[in-house]
Participant: 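Could you have a look at this structure, given as structure tokens, before my questions?
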2 protein chains.
Amino acid sequence: MAEEETGKINKFDCILASARKLIEQEGFSNFTMDKLANNAGVAKGTIYLYFKDKNDVLENVLKSGFQTMFSRMADKVEKKETPEEKIKTLIYENLLYIGENKYFFKTVFLDEMHVVFLKKTSQESYNLRRKKYAVFISEIIIKGIDEGIFKNVLDPLKTGFYLISLIKTNAIYNFRNNHAEFNEDLIKLESAEIFDIFIDGIKN
Amino acid sequence: MAEEETGKINKFDCILASARKLIEQEGFSNFTMDKLANNAGVAKGTIYLYFKDKNDVLENVLKSGFQTMFSRMADKVEKKETPEEKIKTLIYENLLYIGENKYFFKTVFLDEMHVVFLKKTSQESYNLRRKKYAVFISEIIIKGIDEGIFKNVLDPLKTGFYLISLIKTNAIYNFRNNHAEFNEDLIKLESAEIFDIFIDGIKN
DNA sequence: TATTATAATGACTTTATAGTCATAAGTCAA
DNA sequence: TTGACTTATGACTATAAAGTCATTATAATA
């Protein structure tokens, strides 16, 4: 706790923030340790006091970018009663979070593909995070199937991935078409659109 | 025409085939010109007689991988009458092509993301190809909306991208879960699954 | 203030790989 | 067979960027 006030932790955060900013601005392929040192206002060697290597920097940037998303979304979703309401909320919260972290996700989704630059182990943890999300959705789907609302032929996990891909595709579409202003009204509209397609697609 | 028989053309194809094989086996990030030369059984300098640079090799590998897909799919789709039948055929043909070029798409989809390694101009042509596909789908959607079958609130182009992402997600899911055997029965099942979700999602 | 411990520096080393080019081998018309 | 032209070679150069480490600056302690 006290540690959080030390220079060490602050410098870690400071370098991490610089890294994220750089990556948002120039993409993963143009991100170098020299640029990071320069941008963070430290010497290159200093970075290696706080991070193991470049992969460690990238992994932390990604982790921090996705960190709160899942828990925040899960909180809201769990408050809802029906599978349908849960899915509606999930889509909305997800798009909201993407909108709030517009520049981060724009790079992660468009400038693709961070993943390439990660070591195998880091890639796996990235995929695991994705899968965890799909599993979360699959549980909602299963509940809906049990209640007889959703088609019982669905593969719940795969259906979870389908929903994630719809959300991502929506975000990419809007990034590309410069609907840069992610105001709440737009997000309501967009999430309703995805919801209407997805829910009719899986309902009995 | 006569040229097609010359060594020049053959060597171009031979290098290209080696490049594709290497990329399928080891992914884009491990692909080097030295390996290519070695694998194709030519000296490195020779590659540069047939390709401008590494980007040119990658671009050609990608182009050749996607080449016939679109035209073959479009041919089959155009023979169908109703928007629903067109969409059903489109999904099936797309999955079939992916199955036939399993190793290629496995790398392109999973080992992600080739795109990073391309120059801006090549990335654009990749995105254009994607968009062309989405436009093709959007025309079917528009027809369906006009006929009153599909929801008239749909953004046809975005909906096209949605369908593409569902197909891609399905393929990735099956690659990951090692349903490596892409036999026609599996493809029929998988494409029917996507169709059922998508069509119910967009129907009135 | 002197001494020790910790943090920071950046010039340097290392490595990987794209692309080059002088040289050699092969082909073919006269 | 020869000489001109085409094709192929691979050792070499250039470059970018990751990661190191001897040195220096700063802070903590006695």
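For clarity, every value in this text was computed on a predicted model and none was experimentally measured. Order of the sequence lines sets the chain letters (A, B, ...), proteins ahead of strands, with each chain counted from 1. Values below: every heavy atom of this structure, side chains too, minus hydrogens, waters and symmetry copies.
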Participant: Pairs of donor and acceptor atoms involving the side chains of residues 196-203 of chain A, under 3.5 Å and at least two apart or interchain, shall be tabulated with distances.
Facilitator:
residue: Asp200(A); atom: OD2; partner: Lys151(B); partner atom: NZ; Å: 2.7

Participant: Who are the side chain to side chain donor-acceptor pair (under 3.5 Å) partners of Arg72(B), not counting sequence neighbours?
Facilitator: Glu100(B)
Participant: Would you mind telling me which of dA8(C), dT7(D), dG10(C) lies closest to the side-chain atoms of Tyr50(A)?
Facilitator: dA8(C)
Participant: List in chain and number order the residues that pass side-chain contact (heavy atoms from CB on, under 4.5 Å) with Lys52(B), two or more places apart in sequence or in another chain; answer none if no residue qualifies.
Facilitator: Asp56(B), Lys119(B)
Participant: Quickly work out the Lys11(B) NZ to dT6(D) C1' distance and round it to whole Å.
Facilitator: 12 Å
Participant: What integer distance in Å separates Leu36(B):CG from dG10(D):P?
Facilitator: 15 Å
Participant: Using a 4.0 Å heavy-atom cut-off, write out nucleotides 11-26 of chain D from 5' to 3' as B (base contacted by protein), S (sugar-phosphate only) or - (no contact).
Facilitator: ------SBBBB-----
Participant: Could you list the donor-acceptor pairs under 3.5 angstrom formed between side-chain atoms of residues 160-167 of chain B and any protein atom two or more places apart in sequence or on another chain?
Facilitator:
residue: Tyr162(B); atom: OH; partner: Asn170(A); partner atom: ND2; Å: 2.9
residue: Tyr162(B); atom: OH; partner: Glu193(A); partner atom: OE2; Å: 2.8
residue: Ser165(B); atom: OG; partner: Thr169(A); partner atom: OG1; Å: 3.1
residue: Ser165(B); atom: OG; partner: Tyr162(B); partner atom: O; Å: 2.8

Participant: What is the separation between atom NZ on Lys35(B) and atom P on dA16(C), rounded to the nearest whole Å?
Facilitator: 11 Å
Participant: Can you tell me how far P of dG10(D) sits from CG of Leu49(B), to the nearest Å?
Facilitator: 13 Å
Participant: Specify whether Phe105(B) and Phe66(B) have parallel, tilted or perpendicular ring planes, treating 30° as the upper limit for parallel and 60° as the lower limit for perpendicular.
Facilitator: perpendicular
Participant: For the pair made of CG in Asn10(B) and P in dT6(D), what is the distance, rounded to whole Å?
Facilitator: 20 Å
Participant: Under the rule for ring-ring contact (aromatic ring centres under 6.0 Å, His included), what residues qualify as partners of Phe136(B), not counting sequence neighbours?
Facilitator: Phe70(B)
